[in-house]
Amino acid sequence: MRSIWNGAISFGLVSIPIKLVNATESHSISFRQIHLEDGGRVRYRKVCELEDRELTQDEISKGYEAADGSIIPITDEDLASLPIPTAKTIEIEAFVPADRIDPLQMDAAYYLSANGVPAAKPYALLREALRRSQKVAICKFALRGRERLGMLRVVDDVIAMHGLLWPDEIRATDEVAPDTNVTVQEKELDLADALMDTLGEVDLADLHDDYREAVEELIAAKASGEAPPAAPAEPRAGKVLDLMSALESSVRAAKESRGEEVAEVTPLKSKTPSRRPSRAAPKERAGTKSTAGAKKTAAAKKTTGTTAGARKSTSTAKRSTSTSTPASTSTAATKKAAAKSTTGAKKTAAKKTTKKRASA
């Protein structure tokens, strides 16, 4: 990696010679402008408007255009002679927690490389101090003709520097927020939670540039004389009537893309403590339990009543049997008594007859 700036880190009384290296690179595919008829290159030539001739790089310098249209020339020597302490030094101003930095301020990223063997020790000292404190260093540096704000942090075993925008370069959000007042319902938030859970997390290393790959395939096909690959047909999306339908369709589509079974989309229960849980389901369950209890009680009463009735019938039958037994006994006793009385009467009559015969 080629360094784009050489200087030093000023860390109190410690000076660390470093080289500035780009930490990022662009993989976008660049094109040249050509003449459509014959394929000739179209170039931009730097031509002086006064002399109407092309200039070399050595003849070109900087100039500031004033309000009246006049040009004020500014050379590299003029800029180098400015009394700026950050011209060749990265001045550390303070150490703050990383969450104090708004991501909106993040600009280009660079790696700081120790410049020479003597720089290794202080470089490692600053790196380990940043690592142990779990803080970032806020610094100022000058690059490409302007002073910039920066942030130093540790990436693996290297000190990285992020260029930061100045606070007044961040635009306010007053004119960006929606003008109308809208109310988000709990059901909509629950469906949004379901969609977030369905999409899940992703490893950024697994993401890639589909457009760049498609352009590379197109270039390879044209270079070999083959037909360019056909674009896939876009699926026809159904007409979404409301936000709830859109969320449900999104959850269903996310599940289909992951190969999951698509069932009826039901909103997840709210995870936020401030949201009140729905109480309809517990009431329904309570009503079901009370109904079931009433049915069981009624059935038990019926069974008890039937059993009691059976017991009463049995006892009644037994009582009837016990009652009828003495009646039959009394009837037999009456018959015996009648028989005895008849026998007695017959014996008395026989005795009287015998006496009459004896007297005669």
Side-chain angles (χ1 to χ4, degrees), residues 1-28 57-58 61-62 64 74-171 201-209:
M1 291 185 287
R2 185 174 59 89
S3 64
I4 60 174
W5 184 86
N6 292 342
I9 301 175
S10 177
F11 178 32
L13 297 178
V14 179
S15 181
I16 310 171
I18 54 96
K19 295 184 293 184
L20 196 67
V21 178
N22 278 320
T24 61
E25 58 184 356
S26 175
H27 290 167
S28 61
Q57 187 63 36
D58 296 336
S61 183
K62 300 179 181 68
Y64 176 80
I74 303 293
T75 64
D76 293 337
E77 290 75 13
D78 294 334
L79 296 175
S81 62
L82 292 176
I84 300 177
T86 57
K88 283 292 182 179
T89 305
I90 299 175
E91 291 280 349
I92 294 179
E93 302 290 334
F95 295 89
V96 299
D99 56 6
R100 288 272 303 275
I101 306 301
D102 190 340
L104 284 174
Q105 289 186 259
M106 295 289 186
D107 200 0
Y110 308 93
Y111 289 141
L112 303 183
S113 173
N115 193 1
V117 177
K121 181 68 174 181
Y123 183 95
L125 174 63
L126 176 59
R127 181 191 64 197
E128 296 307 318
L130 289 171
R131 196 197 304 273
R132 188 171 69 174
S133 66
Q134 296 183 349
K135 293 183 178 181
V136 297
I138 301 301
C139 62
K140 294 199 300 183
F141 66 102
L143 181 64
R144 297 190 177 102
R146 55 176 294 219
E147 189 174 52
R148 307 186 182 206
L149 192 63
M151 177 189 74
L152 304 183
R153 70 184 185 97
V154 179
V155 177
D156 295 333
D157 288 332
V158 175
I159 299 176
M161 181 173 67
H162 294 268
L164 300 179
L165 299 176
W166 296 98
D168 59 358
E169 293 179 318
I170 305 297
R171 293 181 176 179
E201 298 180 357
V202 66
D203 186 357
L204 294 180
D206 296 335
L207 302 179
H208 56 278
D209 189 348

### Query
If every non-hydrogen atom of M106 is compared with every non-hydrogen atom of I101, which pair is closest and at what distance?
CE-CG2, 4.1 Å
### Heavy-atom side-chain contact between H27 and D209 under 4.5 Å
no
### Message
In the structure I gave you, are the side-chain heavy atoms of V21 and Y110 within less than 4.5 Å of one another anywhere?
### Response
no
### Query
Rounded to the nearest 0.5 Å, what separation is found between the SG atom of C139 and the CZ atom of R148?
12.0 Å
### Query
salt bridge (charged side-chain N to carboxylate O under 4.0 Å, His left out): which pairs involve residues 87-108, sequence neighbours left out?
none
### Query
Can you tell me how far CG of L165 sits from NE2 of H162, rounded to the nearest 0.5 angstrom?
13.0 Å
### Task
Side-chain contact test, heavy atoms from C-beta onward, threshold under 4.5 Å: evaluate it for L149 versus Q105 and give yes or no.
yes
### Message
Minimum heavy-atom separation for A160 and Y111, please, with both atom names.
### Response
CB-CD2, 4.1 Å
### Query
To the nearest 0.5 Å, what is the distance between CD1 (I90) and CD1 (I18)?
4.0 Å
#### Entry: Spatial distance of atom OG (S61) from atom CD1 (I74) [nearest 0.5 Å]
8.5 Å
### Summary
side-chain hydrogen bond (donor to acceptor under 3.5 Å, both in side chains) filter on Q134, not counting sequence neighbours, yields none
### Task
State which residues pass side-chain hydrogen bond (donor to acceptor under 3.5 Å, both in side chains) with D206; sequence neighbours excluded, sorted by chain then number.
none
#### Entry: Test log, rule side-chain contact (heavy atoms from CB on, under 4.5 Å), inputs K62 and T75
CA-CA 6 Å; K62 300 179 181 68; T75 64; over 6 Å; no
### Task
Could you pull out all residues at least two apart from T24 that satisfy side-chain hydrogen bond (donor to acceptor under 3.5 Å, both in side chains)?
none
### Distance, nearest 0.5 Å, that separates NZ of K19 from CH2 of W5
13.5 Å
List the atom pairs, with distances to 0.1 Å, where a side-chain N or O of residues 114-132 and a protein N or O form a donor-acceptor pair under 3.5 Å, not counting sequence neighbours.
| residue | atom | partner | partner atom | Å |
| --- | --- | --- | --- | --- |
| Y123 | OH | L112 | O | 2.5 |
| Y123 | OH | I159 | N | 2.9 |
| R127 | NH1 | D157 | O | 3.2 |
| E128 | OE1 | R131 | NE | 3.3 |
| E128 | OE2 | R131 | NH2 | 3.4 |
| R131 | NH1 | D156 | O | 3.3 |
| R131 | NH2 | D156 | O | 3.3 |
| R131 | NH2 | D157 | OD1 | 3.4 |

### Query
Can you name the residues that form a salt bridge (charged side-chain N to carboxylate O under 4.0 Å, His left out) with R146, not counting sequence neighbours?
E169
